[in-house]
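Right, one structure below, let's go through it.
We use all heavy atoms of the structure for the numbers below, so side chains are in, but hydrogens, waters and symmetry mates are not. Here, residue 1 is the first one in the sequence, and each next residue gets the next number.
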Amino acid sequence: MIGVVITIHELGHFLAARALGTKVDRFAIGFGRPLAHWTDKLGTHWRIGWIPIGGYVRFAGDDNAASIPDADDLAAMRRQLVEEGRAAEIGSYFHFKPIWQRAIIVAAGPFANFLLAIAIFAALLFAFGEPISSTRIDAVTAGSPAAQAGFRKDDVILKVDGKSIRSFDELTEKVILSSDTPMTFLVKRGDGEITLTATPRRGVVYDKLGRPQKLGKLGLGHVTRPDEITIRRYNLPEAIVGGAQRTVSTISTTLVYIGRMIEGRERADQLAGPLGMAQLSGDLARHAADVSPDLATFVVNGLLTLFELIGVISVGIGFMNLLPVPVLDGGHLLFYGYEAVARRPLAAKVQAAGYRVGLALVLGLMLFATWNDLQRLRVFNLFGRLFS
């Protein structure tokens, strides 16, 4: 899955560069010994490594992996091209391109990730529609925030904080990210409507795969009844709009969680790395097997689950790359913004220092996410039992 998402990301950079007449020296997917490599008619060397994680596009004139433009090196490169009679190639070198073209090429990677997610979500909506479950409450846990707020069985929730909700799943998504935050509910009770205020309490919430997470909890019970599920069908334009809305919603949810985490209102132990994604993939595969009566159904359910997960991961990688952190695409865009305002590039030494700090931040985040993954997998507890 990561290999697919990274390939699409790098293809975004590559296609934008080609469209703007930028020479590409290498397109690499994966690391390690190459399984295949070739050079196309435009001089781009294609390389596929046997470890299908990561990748990069190297443009003509890149002196290093971070593409740090050093003014002296660029001046020397320009003189060399002129001396070699290749002055006509200067315009095809990435660092000699106008700022707006460089910005488009850099932003095209995350944009390609968002397009991939929109395409996947739209295809699923167009092919299968969207199941929408009732927001009717089937049970209220005694002593819970919902009980204290006055919720009753058979209440139907119409709005949350002034916004209409369509399904109980949508209600759950709002509640789990609102622990210790008062929420206002418009509720239909009998023939009338009332307004209730409840504050979700942090507690153990089980997702659809039965995995525990400490998030916001109200204490409302819901049983999905076949007669209360409707399937909304989408034509192609509606599916594309729906796919875009799902992508924006995923980004919005990520921003809300990060904001609450910075404020200290959410815990950072929900961040996951490659091990966590691998575990999630396995859990989803087992879930697909559990709900499939035969092999053919399992294959279909497994593929649908896989595609949806690729869409979610693609949104995450696109969003992360747009963060204004040197080394990431967002860091390049930040430097280009400075260059556009100051009418000169940021000093190479400052950029180099920024890239080192950015690399340290990214590696630190990866190590922290991996630590969380190991904690969830209880690897340390296993080692403790083995050697105690």
Side-chain angles (χ1 to χ4, degrees), residues 2-81 84 86-113 116 317-318 320-322 325-336 339 345-346 348 351-352 354-356 358-359 362-363:
I2 295 176
V4 170
V5 174
I6 294 297
T7 299
I8 295 298
H9 180 94
E10 298 303 335
L11 275 174
H13 293 311
F14 174 80
L15 293 175
R18 280 281 178 89
L20 293 172
T22 302
K23 183 180 178 182
V24 181
D25 285 343
R26 174 175 289 186
F27 186 103
I29 294 298
F31 296 108
R33 187 184 301 275
L35 294 175
H37 62 94
W38 66 94
T39 301
D40 65 23
K41 61 182 180 180
L42 295 178
T44 300
H45 180 71
W46 295 75
R47 176 189 175 100
I48 301 176
W50 72 276
I51 303 176
I53 297 178
Y56 64 92
V57 174
R58 190 174 71 192
F59 303 112
D62 278 352
D63 293 323
N64 48 60
S67 302
I68 301 175
D70 182 273
D72 294 336
D73 288 344
L74 292 178
M77 187 188 308
R78 185 187 292 270
R79 287 194 302 270
Q80 181 180 354
L81 290 172
E84 294 176 355
R86 299 162 56 197
E89 296 181 21
I90 293 177
S92 66
Y93 275 50
F94 177 78
H95 294 301
F96 296 136
K97 289 287 185 179
I99 297 175
W100 67 270
Q101 291 191 15
R102 282 179 275 151
I104 289 176
I105 293 171
V106 168
F111 184 71
N113 285 133
L116 173 63
I317 288 181
M320 181 178 176
N321 271 278
L322 283 178
V325 177
V327 173
L328 301 178
D329 294 330
H332 289 282
L333 294 174
L334 182 66
F335 289 154
Y336 295 158
E339 184 178 346
L346 194 62
Q351 291 193 57
Y355 284 122
R356 286 194 289 270
L359 180 61
V362 172
L363 290 176

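- Rounding to the nearest 0.5 Å gives a distance of 11.0 Å between CG of Leu20 and CG of Leu15.
- Trp46 is not listed as a side-chain neighbour of Ile29, based on a closest heavy-atom distance of 4.5 Å or more.
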Legend entry - Leu42 and Val24: CA distance, side-chain angles, deciding distance, side chain to side chain contact (heavy atoms under 4.5 Å, CB included) verdict: CA-CA 8 Å; Leu42 295 178; Val24 181; over 6 Å; no

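- More than 12 heavy atoms of other residues, nucleotides or ligands sit less than 6.0 Å from atom CZ of Phe96.
- The shortest non-hydrogen separation linking Pro326 to Phe335 is CG-CZ, 4.0 Å.
- In this structure, His45 and His37 have tilted ring planes: the angle between them lies in the 30° to 60° band.
- The line from CD of Gln351 to NE2 of His332 is 9.0 Å long, rounded to the nearest 0.5 Å.
- Within the structure, salt bridge (Lys or Arg N to Asp or Glu O under 4.0 Å) pairs that include any residue of residues 43-56 do not occur (at least two apart or interchain).
- Taking the six-membered ring where tryptophan is involved, the planes of Phe94 and Tyr336 are tilted, since the angle between them lies from 30° to 60°.
- One distance of note links CG of Leu333 with CD1 of Ile99; it measures 11.5 Å at 0.5 Å rounding.
- Nearest heavy atoms, Val106 versus His13: O-CE1, 2.8 Å.
- Residues His9 and Tyr56 bring no donor and acceptor atom of their side chains to less than 3.5 Å of each other.
- Between Trp38 and Ile48, the closest side-chain pair of non-hydrogen atoms falls below 4.5 Å.
- Of all heavy-atom pairs spanning Leu328 and Met320, the tightest one is CD1-O, 3.3 Å.
- Of all the heavy atoms in Ala112 and Gly12, the pair that sits closest is CB-CA, 3.8 Å.
- Side chain of Lys97 to main chain of Ser92: no donor-acceptor pair is present (N/O by atom type, distance under 3.5 Å, no hydrogens or angles).
- Residue pairs meeting the salt bridge (Lys or Arg N to Asp or Glu O under 4.0 Å) criterion with at least one member in residues 14-40, sequence neighbours excluded, are Arg18-Asp40.
- With rounding to the nearest 0.5 angstrom, the CD1 atom of Ile105 is 3.5 Å from the OG1 atom of Thr22.
- The OG1 atom of Thr39 lies 14.5 Å from the NZ atom of Lys41; values are rounded to the nearest 0.5 Å.
- Of all non-hydrogen atoms in Ala16 and Ala108, the two that sit nearest each other are CB-CB, 3.5 Å.
- Residue Asp329 holds its CG atom at 7.0 Å from CG of Leu322, rounded to the nearest 0.5 Å.
- Heavy atoms only, all atoms of each residue included: Phe59 and Ala17 are closest at CE2-CB, 3.4 Å.
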